[in-house]
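Here's the structure we're looking at; comments come further down.
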Amino acid sequence: MNSIELFVGAGGLALGTARAGFRHLAVLDSDANACRTLRRNKAQGVDHAHEWEVLEEDVRLHDFKQYEGRVKFIAGGPPCQPFSLAGKHLGHEDDRDMFPEAVRAVRDIRPCGFVFENVKGLLRSGFEEYGDYVLHQLRLPDVPRQDRESWTHHLERLKKLYALDNCQSLRYDVVLSCLNAADYGVPQKRERVLIVGTRSDLAIDFRFPAPTHSRDALLHDQWISGAYWKRHGLSPPATPPSRSKRRVAYLACGKTEPNGLPWRTVRDAIFDLPPVASGETAASDPNHFLNPGARAYPGHDGSRWDEPAKTLKAGDHGVPGGENTVQLEDGTVRYFSVRECARLQTFPDEWTIEGSWTNAMKQLGNAVPVALAARVALELHSNLLDTGPAPEKSAPPPQPG
């Protein structure tokens, strides 16, 4: 099941899809530090990285037609900054909007399926129409935007063509969902939009996988059975935090059973890493370094030990102070180390992140959690196992005005 990945970054999505059974012929990114990370892990033979050809180049200049007939699957996380809550909110007007290149890759390669990831901000009301435009381009990738055609007119043309029963253009069934990584065993509350497409002639009814973990199960383990504290060799606090008391009381009535496994917490993820002092690096792991100077800000305090971490962020101007920190018992905060962030993103401990502290944290803040990627990709892989080659290119479809 050959594949390629665009905008690969630190490799979270690539690792997850590789674990699901996809074999990346190439992984592409223009960021030098991200490519150093990928090459380092490839050279060390970590996980599936030894199989990848790492291409450090601008995706806009890459020839995707060379993969037609050789690649069944495409994955990638187009840069999220155009749609991020923390960005400038320029959307399609942002030069970093790479969804057009994702569409071009699908058009030229004609894969059996694809997965693209982006931030929840893509679903905001201000981007709703453009998000619909992205989906329709992926549904009909063989119908490109014409010279001097506005994207809104192109969208209307795509909608009309997609509604035609006799449209012979290459078509994909495309579904979108916003998933919380914590619901799939990731120790982080990280909501991400996943866009999955399958070629229409394959008649695949793709469904996003059901959650495997839940907040209710964690609360039950902590405040009803006490199993969570026993697991960590701790005495439980006297009472639940105020934000959880009502839900705990409801669960204690026994009228409902929690679904799935408990959400994984910061403590679950990093409790066994060696302690290091601020400004020091663990001898066993060059990525386990505690940078000094962390501060909390109003509305941007640190993650709590006994809950999934807040969403790690990349930050346009250095490492974000609030979200990339953890609250200590005395009320102060400290930064997560790079290795701790890698744990929170479910990277294997052998996976080395290259670059400065700031750049390494940026790579991890942009990454897709490996466990989330693997769960979604495994569902798709099982549907694609018996599919055939890409169809021959058809004649241009009719062009309604």
Going by the rule side chain to side chain contact (heavy atoms under 4.5 Å, CB included), which residues pair with Glu117 if we only count those two or more places apart in sequence or in a different chain?
Arg192, Leu194, Val368
Sub-3.5 Å donor-acceptor pair from the side chain of His232 to the main-chain atoms of Arg267, do we have one?
no
Do Thr358 and Ser356 get their side chains close enough for a donor-acceptor pair, meaning under 3.5 Å?
no
Chi angles and distances behind the side chain to side chain contact (heavy atoms under 4.5 Å, CB included) call for Leu290, Glu280:
CA-CA 6 Å; Leu290 286 192; Glu280 294 184 356; over 6 Å; no
Looking at every heavy atom in both Ala181 and Leu372, which two are closest together, and how far apart are they?
CB-CD2, 4.1 Å
If I compare all heavy atoms of Tyr335 with all of Thr325, which pair ends up nearest, and what's the gap?
CD2-CG2, 3.7 Å
Could you tell me if the side chain of Trp305 sits less than 4.5 Å from the side chain of Ile270, heavy atoms only?
yes
Heavy-atom side-chain proximity of Pro187 to Val266 below 4.5 angstrom
no
Would a distance-only check, ignoring hydrogens and angles, find a side-chain to backbone donor-acceptor pair under 3.5 Å from Asn287 to Thr352?
no
Side-chain (Asn180) to main-chain (Arg190) donor-acceptor, under 3.5 angstrom:
yes
Where do Ala374 and Ala20 come nearest, in terms of heavy atoms and distance?
O-CB, 4.0 Å
Separation between CD (Glu350) and CG (Asp47), nearest 0.5 Å, reads 8.0 Å
Once you round to the nearest 0.5 Å, how far does CG of Leu38 lie from CD1 of Ile353?
9.0 Å
Testing Arg171, Arg104, Arg110 one by one against Asp142 for a salt bridge (charged side-chain N to carboxylate O under 4.0 Å, His left out), which residue passes?
Arg110
Angle between ring planes, Phe64 versus Tyr67, binned at 30° and 60°: parallel, tilted or perpendicular?
tilted
With no hydrogens and no angle check, is any side-chain donor or acceptor of Gln363 less than 3.5 Å from a backbone partner on Glu354?
yes
Within 45° of the axis and under 6.0 Å from the centre of the six-membered ring of Tyr184, does NZ or CZ of Arg375 qualify?
no
Tell me whether Thr311 contacts the main-chain N or O of Lys189 through its side chain, where contact means a donor paired with an acceptor under 3.5 Å.
yes
Is it true that the side chains of Trp229 and Asp221 contain a donor and an acceptor less than 3.5 Å apart?
no
With sequence neighbours excluded, what pairs up with His50 under the ring-ring contact (aromatic ring centres under 6.0 Å, His included) test?
none
Using atom types as modelled and distance alone, determine if a side-chain donor or acceptor of Asn366 lies under 3.5 Å from a backbone N or O of Ala314.
no
Got more than 12 heavy atoms from elsewhere within 6.0 Å of CD, Glu128?
no
Between His154 and Arg145 the two heavy atoms that sit nearest each other are CE1-N, 3.3 Å
Under the salt bridge (charged side-chain N to carboxylate O under 4.0 Å, His left out) definition, can you give me all pairs with a residue in residues 253-266, not counting sequence neighbours?
none
Interatomic spacing from SG in Cys35 to NZ in Lys42 - rounded to 0.5 Å:
12.5 Å
Give, for atom CG of Leu158 and atom CH2 of Trp151, the distance between the pair rounded to the nearest 0.5 Å.
11.5 Å
How far apart are the C-alpha atoms of Asp216 and Trp263, what are their side-chain angles, what is the distance that settles it, and do they pass the side-chain hydrogen bond (donor to acceptor under 3.5 Å, both in side chains) test?
CA-CA 8 Å; Asp216 279 359; Trp263 268 359; over 6 Å; no
Close side-chain approach of Met361 to Val338, heavy-atom, < 4.5 Å:
yes
Pairwise side-chain contact, Tyr250 with Arg247, heavy-atom cut-off 4.5 Å (strictly under):
yes
Got a second to check how far Leu15's CG is from His24's NE2, nearest 0.5 Å?
8.0 Å
Do Thr332 and Asp330 have side-chain atoms, one donor and one acceptor, less than 3.5 Å apart?
yes
Is there a side-chain contact between Gln222 and Leu219 in this structure, where contact means two heavy atoms from C-beta onward sitting under 4.5 Å apart?
yes
Is the ring centre of Phe114 less than 6.0 Å from the ring centre of Tyr172?
yes
Can a donor-acceptor pair be found, under 3.5 Å and without considering hydrogens, that links the side chain of His213 to the backbone of Gly185?
yes
Is Phe99 close to Asn118 at the side-chain level, that is, under 4.5 Å between some pair of heavy atoms?
yes
Taking Lys310's backbone N and O only, do any of them form a donor-acceptor pair with Ser303's side chain (distance below 3.5 Å, no angle check)?
yes
Would you call Arg343 and Glu340 a salt bridge, taking side-chain N to carboxylate O under 4.0 Å as the test?
no
Within a radius of less than 6.0 Å around CZ of Arg246, do more than 12 heavy atoms belonging to other residues, nucleotides or ligands occur?
no
Would you sort out whether Ser3 and Thr17 count as a side chain to side chain contact (heavy atoms under 4.5 Å, CB included), showing the intermediate values?
CA-CA 9 Å; Ser3 56; Thr17 52; 5.8 Å; no
Check: Val8 and Leu13 side chains under 4.5 Å, non-hydrogen atoms:
no
Determine, step by step, whether Arg334 and Val326 satisfy the side chain to side chain contact (heavy atoms under 4.5 Å, CB included) criterion, reporting the C-alpha distance in whole Å, the side-chain angles of both residues, the deciding distance to 0.1 Å, and the verdict.
CA-CA 6 Å; Arg334 70 163 175 81; Val326 60; 3.7 Å; yes
Side chains of Asp132 and His136, donor plus acceptor under 3.5 Å
yes
What are the two closest non-hydrogen atoms of Trp52 and Ala14, and how far apart are they?
CH2-CB, 3.6 Å
Does a side chain donor of either Glu379 or Asn383 reach within less than 3.5 Å of an acceptor in the other side chain?
no
If you look at every heavy atom in Arg157 and Val143, which pair is closest and at what distance?
NH1-CG1, 3.5 Å
Phe22 and His381: side chain to side chain contact (heavy atoms under 4.5 Å, CB included), yes or no, with the steps?
CA-CA 7 Å; Phe22 294 106; His381 186 272; 3.7 Å; yes
Around atom CZ of Arg207, are there more than 12 heavy atoms of other residues, nucleotides or ligands at under 6.0 Å?
no
Is there a side-chain contact between Ser337 and Asp285, using heavy atoms and a 4.5 Å cut-off?
no
Just verifying a value: how many Å separate Asn324 CG and Phe336 CZ, rounded to the nearest 0.5 Å?
8.0 Å
Just by distance, do the side chain of Asp63 and the backbone of Lys65 share a donor-acceptor pair under 3.5 Å?
yes
Using a 3.5 Å distance criterion without hydrogens, assess whether the side chain of Gln345 forms a donor-acceptor pair with backbone atoms of Leu364.
yes
